[in-house]
Peer 1: 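This is the structure I want to talk about, given as structure tokens.
Sequence lines set the chain letters: A, B, ... in the order given, protein chains first and strands last, and positions in each chain run from 1.
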Amino acid sequence: MPELPEVEVTRRGIEPYVAGRRVERVDVRTRALRWPVPADFASTLGKKRVRKVERRGKYLLFEIEDGWFIVHLGMTGTLRVLPHTAEPPAPAKHDHIDWIFDEFILRFRDPRRFGAVLWHPRDAGDVLDHPLLATLGVEPFAPEFTGALMHRRTRGRKVSVKQALLAGDIVVGVGNIYASESLFRAGIRPTTPAGRVSLARYDLLATAVRATLAAAIDKGGSTLRDFVGSNGESGYFQLDYFVYDRAGLPCRVCGTPIKQIVQGQRSTYFCPHCQR
DNA sequence: TCCATCACCTGAGCGC
DNA sequence: TGCGCTCAGGTGATGG
């Protein structure tokens, strides 16, 4: 389930292959993703050269001459680089799109089809003005992401601090796993109303979010069920979880059993002793 | 404006 | 072994 670290690991794995290379052909086998893949997607991209691959939140932005194609991995999406030989690997059931380059194939697989592949032409403005990107919060590694920002943006809000972190309108890229992990590192109980968390504790949380995401990127992301990086290898960050998916197991710090609750129809894990 | 809930989707895991 | 149920979760849409 790709969150920001998995998307960033994917971007880093893909960019050396695709940057500066020309898309020879695009095979769209499934248009019915979260939003329909544009009908003319293949013809629009054919013979175009990819300039670079950037990331905004959990969106991957592939810049070509006259626009960007945008990829969101959703819950189960992966982008893999495969060799383009005389007999390339046959697409499997959930392999929806191939970008075929001269020496390799970039293949999008997404069993649950929560992902998206979209097109944003340059004459429609900068890609960051795309409706899906324009309302996103700040990047967690940007200097604008501070405890003061979180503190200011949550005054008067009754929603829990965990749900405020997940919402994506303050800071992007923190999904369910890393929200639980970051709150543990900051010592903040996930159920605390966002509007009642002090500035000092938001400073801790901002530091914890950055540290958690950076550690996950270093380890190649997490591998829960479906995620593998662009080379098909698994990440290892799940071995370092303090609380996520550890209900009933002893806290790695104090030994108290980890609790699991549901917030906003999502599982939350926390240590009732370390997080107050 | 804020918040909760729903919908989308399929595979894994579990009980029977 | 096979069937049916529940759960997992990112995020836009909807309604209170």
Peer 1: Rounded to whole angstrom units, what separation is found between the CE atom of M75(A) and the C1' atom of dT11(C)?
Peer 2: 11 Å

Peer 1: How would you summarise protein contacts on nucleotides 3-9 of chain B per nucleotide, using B for base, S for sugar-phosphate only and - for none, with heavy-atom distances below 4.0 Å?
Peer 2: SS-B-BB

Peer 1: Look at the aromatic rings of F101(A) and F104(A) and report parallel, tilted or perpendicular, splitting at 30° and 60°.
Peer 2: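 F101(A) and F104(A): parallel rings.
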
Peer 1: Are any of T76(A)'s side-chain N or O atoms less than 4.0 Å away from OP1 or OP2 of dG11(B)?
Peer 2: no

Peer 1: If I take atom CG in residue D245(A) and atom C1' in nucleotide dC7(C), what distance separates them, rounded to the nearest angstrom?
Peer 2: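 In whole Å, dC7(C) C1' lies 12 Å from D245(A) CG.
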
Peer 1: Would you please classify the geometry between the Y178(A) ring and the Y241(A) ring as parallel, tilted or perpendicular, with 30° and 60° separating the classes?
Peer 2: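 Perpendicular, since the angle between the ring planes exceeds 60°.
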
Peer 1: So, are R21(A) and D102(A) salt-bridged, with charged N and O less than 4.0 Å apart?
Peer 2: yes

Peer 1: Rounded to whole Å, please give me the gap between CG in L166(A) and P in dA8(C).
Peer 2: 14 Å

Peer 1: How close or far is atom P of dG10(C) from atom CG of D169(A), stated in whole angstroms?
Peer 2: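 One finds 15 Å between P of dG10(C) and CG of D169(A), rounded.
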
Peer 1: Can you measure K58(A) atom NZ to dT11(C) atom C1' for me and round it to whole angstrom units?
Peer 2: 9 Å

Peer 1: Should the pair H151(A) and Y202(A) be assigned to parallel (<30°), tilted (30 to 60°) or perpendicular (>60°) ring geometry?
Peer 2: perpendicular

Peer 1: Nearest whole angstrom, please: distance from the C1' of dG10(C) to the CD of E3(A).
Peer 2: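 It works out to 9 Å between those atoms.
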
Peer 1: Ignoring backbone atoms, test whether H72(A) places a side-chain nitrogen or oxygen under 4.0 Å from the OP1 or OP2 oxygen of dG10(C).
Peer 2: no

Peer 1: To the nearest angstrom, how far is L33(A) atom CG from dG12(C) atom C1'?
Peer 2: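 Rounded to the whole Å, the gap is 16 Å.
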
Peer 1: Would R107(A) count as a cation-pi partner of W99(A), with NZ or CZ less than 6.0 Å from the six-membered ring centre and within 45° of the ring normal?
Peer 2: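 No; the conditions do not both hold, so R107(A) does not lie above the ring face of W99(A).
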
Peer 1: Separation of L165(A) atom CG from dG10(C) atom C1', in whole Å?
Peer 2: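 So the CG-C1' distance, L165(A) to dG10(C), works out to 14 Å.
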
Peer 1: Would Y59(A) and H72(A) count as a close aromatic pair, with their ring centres under 6.0 Å?
Peer 2: yes

Peer 1: Between dT10(B) and K93(A), is there an OP1 or OP2 to side-chain N/O distance shorter than 4.0 Å?
Peer 2: no

Peer 1: Of the nucleotides dG10(C), dG11(B), dG12(C), which one has an atom closest to the side chain of H94(A)?
Peer 2: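 Among dG10(C), dG11(B), dG12(C), the one nearest the side chain of H94(A) is dG11(B).
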
Peer 1: Near R51(A) CZ, under 6.0 Å, is it more than 12 heavy atoms from other residues, nucleotides or ligands?
Peer 2: yes

